[in-house]
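Keep in mind it's a predicted model, so treat the numbers as computed, not measured. Numbered from 1 within each chain, the chains take letters A, B, ... in sequence-line order. All values below come from the heavy atoms of this structure, side chains included, with hydrogens, waters and symmetry mates left out.
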Amino acid sequence: MTVDVKTTAGVSGIGQTGRILYDRESRETVGEPFVEGARMTCRGVNVYYGDKHAIKNVALDIGRNEVVAMIGPSGCGKSTFLRCLNRMNDTIDTCRVEGEITLDGMDIYGKEVDVVPLRAQVGMVFQKPNPFPKSIYDNVAYGPRIHGLAQNKVELDEIVETSLRKAGLWEEVKDLMTHPGTGLSGGQQQRLCIARTIAVSPEVILMDEPCSALDPIATSIIEDLIDELKQQFSIAIVTHSMQQASRVSQRTAYFHLGDLIEVGDTAQIFTTPRHQLTQDYITGRFG
Amino acid sequence: MNNPSSQPNGLNPQGRRAIEIVNAGLARRYRKERRFRLYGISAILASLLFLSFLFGSIISKGYSAFQQTFIQLDIFFDPAILSQESLSTANYPGIVKQSLRQMFPEVKSRQDKRMLYRLVSSGASFQIRQMVLDSPEMIGQTLQVWVIADDDIDMLEKGHFDLEAPEGERRIKDIQLAWVDRLKKESRIEKRFNRILFTAGDSREPELAGILGAVAGSFYTLLVTLLLSFPIGIASAVYLEEFATQNRWTDLIEVNINNLAAVPSIVFGLLGLAVFLNFFGLPRSAPLVGGLVLTLMTLPTIIIASRASLQSVPPSIREAALGIGASKMQMVTHHVLPLALPGILTGTIIGMARALGESAPLLMIGMVAFIVDVPGGFTDPSTVLPVQIFLWADSPERAFVERTSAATIVLLAFLIIMNASAVYLRKKFERRW
Amino acid sequence: MFRKSVLIGTALIFLVSAGSVYAASARDYISIVGSSTVYPFATVVAEQFGKTTSYKTPKIESTGSGGGLKLFCAGVGVEHPDITNASRAIKKSEYDKCQKNGVKEIVEVKIGYDGIVVANSKKTAPMKLTRKDLFLALAKDVPNPKGGETLVPNPYKTWKDVNPSLPNVKIEVLGPPPTSGTRDAFVELAMEGGAKKFDWIKAMKKKDKKAYKAICHTVREDGAYVEAGENDNLIVQKLDANPNALGIFGFSFLDQNTDIIQGSFVDGVQPTFDAIADGQYPVSRPLFFYVKKAHVGVIPGIQEYLNEFTSDKAWGPDGYLSEKGMIPMPDEERAQFQSDVKALKPITMK
C-alpha cells in the first residue's frame, strides 16, 4: 500500500495544500462528529482483538432520521465499529470494547443491559443476504414471534405485511408467503432481510455493506429503500462504494487503520475533503 | 509488477514460447491423470470384490436356513394319554412316538426305535401340546399333522451329509435313509419356510432355534442406547460448540472425547461391569446395562459427528438470528440445530449401527449367554444379534452352521436398513431451500 | 426438543433406579455361569427344564471355569449366580474365596466326562499316537534326543522324527488358545501324561514342581501348534481342507462330524463313546457344576433344575446329554451323586 510519506511520518501540522495532516499521536478527528439530539453517541471507543488495537479512540454520533455512511479502505475498522453498536462483537471471545456507547442516553455496554432487547432496538442487515431457511412469512415473523410483539395471528400478519411493504417487497412476494426465503433473488433476499429487521420496530438499523453481493439494479432498489427508511429509522451503513455513500447518506465518516479520520456532511466530504487521507481515498489513490 | 521471469511475446529465457513447453508436458499430465483414475477404479473394484465375496459366502451358506424340513405324521390324539385333568403335562412325546411306531410297524428293536424317534424334532411334542391346548375337542381324532423334522434329517434333505461315507461314520444310518425315502414316496416330507427362525428364542436344538430373542434384546438395548446417547450427545456437542469458551479445559475435553472414540470396545464392557453392575448393582445380562455400556461407546461418535455438523452451519445464520435479538439458546434451537440435524442424525445412526454390531463389551456384563425366553423388558436377561451369531458359530451341531449365516444375513439386513435410512434422512432434511 | 430430551433423561434415570430396586428385590430365573465345555450340556438341560416346567428357562453364560467360579464365589444374593459349571474340580484357593465371601455351603455335582480328541481328516489314515508322541511333538522344550537329562528346544519337524512308526508328514496341530479349558485339560492329561514317561522328568515333580509344570505344560510356539481360536467348528473345517493337519477339541465336535473327521488313537485307544465312558481312553476329564446351597429355595426352580439334570433321561447312558456328546458316569457313581444332590450335601475342603 503506498501512502504519502508525509502522512505516515507522524508529524503534526498543516501541509502545502492547507489540509490537516494525519497525526497518529493526537488522533483528532477532523470535522464535526457530534450532532444535536443524537440517537446514538459513541465516546472514546476502543476495540481490541486480543492484542490488536482495532478501533482507536473513536467518537461519533448517529442522529435521528439520518443515514450515516462509514467508508474507508479494507481493514480500517468500519465494520468492527458498526458491530459495536449492537454488541455483535460480544460473540467473539477475544474481542474487548472500551469507551461509552449510548442509545437514547442509555449506556449499551452497561452492566444491567441485556443484549436481547438491545438488538431488537438496533437491528442489523448483513453483507451477504442471510434469510433463514424458512418460508418468507416465517422469516419476517420470526423477530416479532420471539419478542412477543403480536398478540395473535392477525396482528402478526399485519406486522409481516407492513414490514414487507416498507421493505418494498410486498407486491413481489404477497402470493409466495409460504415459499422458502432462500428461493428469492439476491436483491429480494436482502430486502427480505431488511423487512425481517424492521419487523421488530428497531430505532437504529445497521447495514454492513448491504449491496456488495448484489447487481447494480438490485443495488439501486436497496438504495432507494434506504432513502425511504430514514424517514422512520436512524441508519448507519458501511459501504465500499463511495458513489453509494454519496447517494444515500447525509453524513459520512472516513475510517483509516482504526482511526476515525474525518466526519462531515456527505457533500462536503466528497467535494472538499479536509484531510489528506480522505482526499487520497476518495480520489482513488489507495483503497 | 516487475516480474523478472516474465518475458515479452510469451517467450521464456530459453527462447521457446511458453505454449510449446505447456504442450510438451501435456501428454505426461494426462497420463498421470489416467493412471490415477485407474488406481481409483481398481481400488473400488477390489473392495467390491471382497464385499461380494463376503456376501456371496454368507448368503450361499445361509439361504438354506430359511427353509426347514417338515414331516407329516398321522397323530392319534389318544384319550388314554390326554386325560382332561392334566392336559398341559401329558405325555406328548409318547403321542409322537406312538404315531411313528404305527407308521413303521416293522421297527421292533429298541435301538432301531430310538433311531426312528430321532426322525422328528423334540419340538414336535411341544407342537402337539400347543394344538391340544388350543382346541381340546380334537382329542380322540386322528389328524395329519406336519411336525418339525430333526436337524439331522433337515441337513440330509439339504444335502449337507456325505452319503458316500461308510455307514458307521455317518450320523444318518442306512435304515434312517430308507425311512426317509419311504416318507418321501408318500410325500410326507417337505421343506417349508422356516418361521421358527423368526419367531423363537434360542435353543440348543438347531431346528427349534430362532433369532427373535436376540432381535428383541438388540431392540431394547439399542432403544436404551438411543434414548440416552442422542440427547446427551447433542447436548454435549451444542454446549461445546456454541456455549463453551475455548480454553485449556475445553481442549482437554475435546481430546478426551476423540480418544474415547478410539478406545477398544471391550474397555467399555469392563467399565460397565465395574460401574453399573458392581457399584449400582444393576442386573446382569439386562438390555438396560447393555444399553448403558453401548451409550458410553456411541457417545463420542455422536458428539464428534454432531460437532462437525454444527460447525458446518454457516455463521451468517447465527448472525441473522442474533442480529434480530434472538438469545443464544433461541439461535441454537430455532436455527442451528434444525440445520445441523441431518448430520447429527447420520452420525447417530452410524453410531447405532456400530452398537448393533458390537458383542465384545457385552461379554463382560453377561449378555453372552444362553437365553431361551424372549425378553419382554429392559431388565429381562437377554442377548443381542451379534452375540447370538457368536454363540451359534461355536455350537457343535452341523445345522447351526447355516443358522449362523442366516442370522448374519438378518444382522446385515438391519445394518443396511439403518445405513440406508441415514442416507435417506440426510437427503430428505438436507434441502437447504 | 430440549424439554423432550430432559423428560426422556429423567425417565431413564427412573428406569435405572427402578432396575436397581428390581435387581435387589427378586430374580425369578436361575442364573448359571461357567465352563464353555459344560455349556452345551447345561443349555440342553436348561431348555428342557424351561419347556417342561412352569419355571423360566435358566440363563447360562459361558465364562470359562475360572471366570465362573470367580463370579460364583463373589457372594450370596440375587445379583450373584446360583450355579457355576466347571470342566475341572474347584480349587482350594477358590473354595477359600467362597468361604471368605460368605458362600459357605457348595454342592458339587459331577455330571459326566468329556474326552479330548486329537482328530484328522477322513481323507487320510487315522494316526496312532501315544501321549509321549504328543508331548514330544508339541512341547516347547523336549529331552535331548541324543540322550541325557537335558532339554533342548523342540527339534522335531515331522511325525516320523518323533516316532519312526508315524507317517512322514509335517507336524501341524490346530488347537485352542491358552484361555480355553480344553487346552488346560489337554496339556494336563495328554502332554503331562507323555512327559511322565521320562523318569527323570517324573522325578522332577517332587523336587521342583514349577519347573516340572513348565516342561509339561508349555506348548511350542514355532508354528507347529496353531492357535485356532475358541471356535471348534472352524478347526473342523480347517481339518477338512488340510488332511495333513491334526486338531484338538472336545468329543462332542467329533461326535457331530464323524463323516468328516476321525479321532486318532491315543495309547492304542480310539476316542469312542464307550472307550471314554469306561476310562480306557486316557485323555478325558470329569465335568462338574457347583450349586450355592443358600440360593436353593430362594431362587425358584433350583431344586427342580437339579432333579432334571440328575434324572436318567438327561445324564443317563441313553439320556439326551449323551446324544449331545457327553460321556455318562457309571451307574453307581450316578446314583451316588443323585443322592448327594437330593440331600444337597455340601463339599468340605480342609
Practice prompt. Take atom OH of A:Tyr49 as the centre, draw a 6.0 Å sphere, and report whether it contains more than 12 heavy atoms from other residues, nucleotides or ligands.
Written response: yes
Worksheet item: Roughly how far apart are B:Glu319 CD and A:Thr91 OG1, rounded to 0.5 Å?
Response: 6.5 Å
Item to complete: Select one option (side chain, backbone, both, neither) describing which atoms of A:Val122 are under 4.5 Å from chain B's heavy atoms.
Response: backbone
Discussion item. Looking at every non-hydrogen atom in both residues, tell me the closest pair between A:Arg119 and B:Gly325 and how far apart they are.
Written reply: CB-CA, 3.7 Å
Discussion item. Taking OH in B:Tyr30 as the centre, count heavy atoms belonging to other residues, nucleotides or ligands within less than 6.0 Å. Is the count above 12?
Written reply: no
Fill in: CA sep, side-chain torsions, deciding dist, call: B:Ile324, A:Ile146, side-chain contact (heavy atoms from CB on, under 4.5 Å)
CA-CA 9 Å; B:Ile324 224 165; A:Ile146 58 170; 4.1 Å; yes
Worksheet item: Checking A:Pro131 against chain B: side chain, backbone, both or neither under 4.5 Å from a heavy atom?
Response: backbone
Practice prompt. To the nearest 0.5 Å, tell me how far B:Lys328 NZ sits from A:Asp90 CG.
Written response: 9.5 Å
Discussion item. Please give me the minimum heavy-atom distance between A:Asp93 and B:Gln246, naming the atom from each residue.
Written reply: OD2-N, 4.0 Å
Discussion item. Counting only non-hydrogen atoms closer than 4.5 Å, does A:Arg83 touch chain B with its backbone (N, CA, C, O), its side chain (CB onward), both, or neither?
Written reply: side chain
Practice prompt. Taking atom CD of A:Glu228 as the centre, report whether more than 12 heavy atoms of other residues, nucleotides or ligands fall under 6.0 Å from it.
Written response: no
Practice prompt. Would you name the heavy atoms of A:Phe132 and B:Ala320 that are closest together and state the gap between them?
Written response: CE2-CB, 3.8 Å
Fill in: Side-chain touch A:Lys134/B:His335, heavy atoms, less than 4.5 angstrom
yes
Practice prompt. Check B:Ile317 against A:Pro133 and note the closest heavy-atom contact, atom names and distance.
Written response: CD1-CD, 3.9 Å
Fill in: A:Lys230 NZ: over 12 foreign heavy atoms closer than 6.0 Å
yes
Discussion item. Measuring centre to centre across the rings, with the benzene-like ring taken for any Trp, is A:Tyr142 within less than 6.0 Å of B:His334?
Written reply: yes
Discussion item. Tell me whether the count of non-hydrogen atoms from other residues, nucleotides or ligands lying under 6.0 Å of OH in A:Tyr48 goes above 12.
Written reply: yes
